[in-house]
Amino acid sequence: MSRMSRKRVWSGALCCAVVLLTVPACSSDGDDGGGSGDKADGGGGNGLAGMSARKISDKAKQELLDARSVHLSMKRTGGDTTTKGGDDRDAGADADAGTDAGTDDPTSLELTLDRDGNCAGTMKEAGGASLELVKRGDKVWMKPDETFWRTQVPGGDGKAAAELFKGRYLHGTTGDPMLKDVAEVCDLKELQREIQDSDDTDDAKSLHKGEPTTVDGVDVIPLTGMDDGKKNTMYIAAEGTPYLVKSVERDDGGERTTTGFTDYGEPVPSKTPSPEESVDVAKLKERLRKA
């Protein structure tokens, strides 16, 4: 039950952004404020087109550190993942993603989380198992699908658990180790702390600023770098607040991870599952003890 832990989720969904946001001390287009002002903002931009890669990255990093909440959309395809991702490259994305994935690592994630530890969303593993997750304060609701039960609970108990808890949420608090481990992914504050504490690595290469482009209908400035043999690209909003809009990473094995960042500052949905939809996690533990 602990396989979809915060560390696994963040390593897949956010390593690209964390790496690049802490790399740009050796920005390839200069460390002064000028940068390459080749494409003017055209009257509607936020000034990024005239800045160096380092300054753009610094601004995006600060916005992510200051965010009270954010929605993450992660998808990993290729390489050793077992889900069929197809060749759905992102518009304007020249680089895609990769991390060391196994069948227990998330291959997709849709999650809104905030600095208070609240969250709501879904996760799916490479092996096909998925779960819905809701957390408000110290209360946690988790609804695994049948595949999750079969792969996480040994023997015939997985099939029995899938039937017993079908369509319902396991409910408890973060005081329960099983739920606490899964719910750690909800802590935006901890993510921000990891970004803040990350140091530039010795093998981090220069960060390059690309030409303005559009990703998901948003005007962006791409920043591309290499780290540990992986090509990483961040797309920073070129209009309005310079948010990190998307990060993309690709390794030599053909695996790629794309993570979208949207709804900065928007509240996490406050609706929680009803008692009729929920089963106390103690009931699952009781069944496992009997088994």
Side-chain angles (χ1 to χ4, degrees), residues 1-18 69-85 88 97-114 117-136 139-153 158 161-162 165-172 174 176-188 190-191 194 246-249 255-263 268-269 271-273 277-279 281 284:
M1 281 293 185
S2 64
R3 295 180 178 180
M4 280 193 183
S5 66
R6 172 177 54 81
K7 289 183 179 179
R8 285 188 181 275
V9 173
W10 284 358
S11 67
L14 303 175
C15 67
C16 171
V18 171
S69 63
V70 69
H71 180 82
L72 304 178
S73 300
M74 182 274 285
K75 186 174 184 180
R76 182 190 292 121
T77 57
D80 294 329
T81 56
T82 58
T83 52
K84 303 299 182 181
D88 53 342
T99 58
D100 296 330
T103 56
D104 299 323
D105 291 327
T107 53
S108 65
L109 171 76
E110 291 288 340
L111 189 71
T112 302
L113 64 162
D114 66 20
N118 302 312
C119 76
T122 60
M123 289 179 278
K124 186 173 183 179
E125 292 180 351
S130 66
L131 63 83
E132 297 179 29
L133 179 64
V134 177
K135 180 176 178 288
R136 297 295 298 183
K139 295 180 173 60
V140 182
W141 292 262
M142 181 180 74
K143 185 165 73 172
D145 68 355
E146 182 177 352
T147 303
F148 186 96
W149 286 118
R150 289 174 179 271
T151 57
Q152 299 291 332
V153 180
F165 302 109
K166 184 177 182 180
R168 293 192 288 179
Y169 291 82
L170 284 178
H171 175 49
T174 52
D176 181 88
M178 180 189 303
L179 296 178
K180 178 182 178 181
D181 190 66
V182 176
E184 282 182 335
V185 70
C186 299
D187 194 347
L188 177 59
E190 178 61 25
L191 165 62
E194 289 188 12
K246 182 168 287 187
S247 65
V248 195
E249 183 184 78
E255 186 178 311
R256 61 182 183 269
T257 302
T258 301
T259 308
F261 299 77
T262 58
D263 297 337
V268 174
K271 183 179 180 180
T272 58
E277 299 174 281
S278 309
V279 178
V281 69
L284 172 63

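Keep in mind that this is a model prediction, so the values were computed, not measured.
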Problem set entry | Exercise: identify the closest heavy-atom pair between Cys186 and Leu133 | SG-CD2, 3.9 Å
Exercise. Is a side-chain donor or acceptor of Asp114 paired with a backbone partner of Val268 at a separation under 3.5 angstrom?
Worked result: no
Exercise. With sequence neighbours excluded, what pairs up with Arg136 under the side-chain hydrogen bond (donor to acceptor under 3.5 Å, both in side chains) test?
Worked result: none
For this session: Given side-chain contact (heavy atoms from CB on, under 4.5 Å), test Met142 with Leu179 step by step and report yes or no.
Result: CA-CA 8 Å; Met142 181 180 74; Leu179 296 178; 4.2 Å; yes
Problem set entry | Contacts of type side-chain contact (heavy atoms from CB on, under 4.5 Å), residue Thr122, not counting sequence neighbours | Glu110, Glu132
For this session: Mind running side-chain contact (heavy atoms from CB on, under 4.5 Å) on Met178 and Val281 for me, showing each step along the way?
Result: CA-CA 9 Å; Met178 180 189 303; Val281 69; 4.1 Å; yes
Exercise. Yes or no on side-chain contact (heavy atoms from CB on, under 4.5 Å) for Val70 and Leu113, after CA distance, side-chain angles and deciding distance?
Worked result: CA-CA 6 Å; Val70 69; Leu113 64 162; 4.1 Å; yes
Exercise. Shortest non-hydrogen contact from Thr151 to Ala129?
Worked result: OG1-CB, 4.1 Å
Exercise. What is the minimum heavy-atom distance between Ala161 and Trp149, and which atoms define it?
Worked result: CB-CE3, 3.7 Å
Exercise. With sequence neighbours left out, what residues match Asp176 under salt bridge (Lys or Arg N to Asp or Glu O under 4.0 Å)?
Worked result: Lys285
Problem set entry | Residues that Ser278 engages under side-chain contact (heavy atoms from CB on, under 4.5 Å), provided they are two or more places apart | Trp141, Tyr169, His171, Pro273
For this session: Check the pair Thr174, Lys135 against side-chain contact (heavy atoms from CB on, under 4.5 Å), reporting the backbone distance first and the verdict last.
Result: CA-CA 9 Å; Thr174 52; Lys135 180 176 178 288; 3.5 Å; yes
Seminar exercise, completed: Closest non-hydrogen atoms of Gly128 and Thr147, given as atom of the first, atom of the second and distance, are C-CG2, 3.9 Å
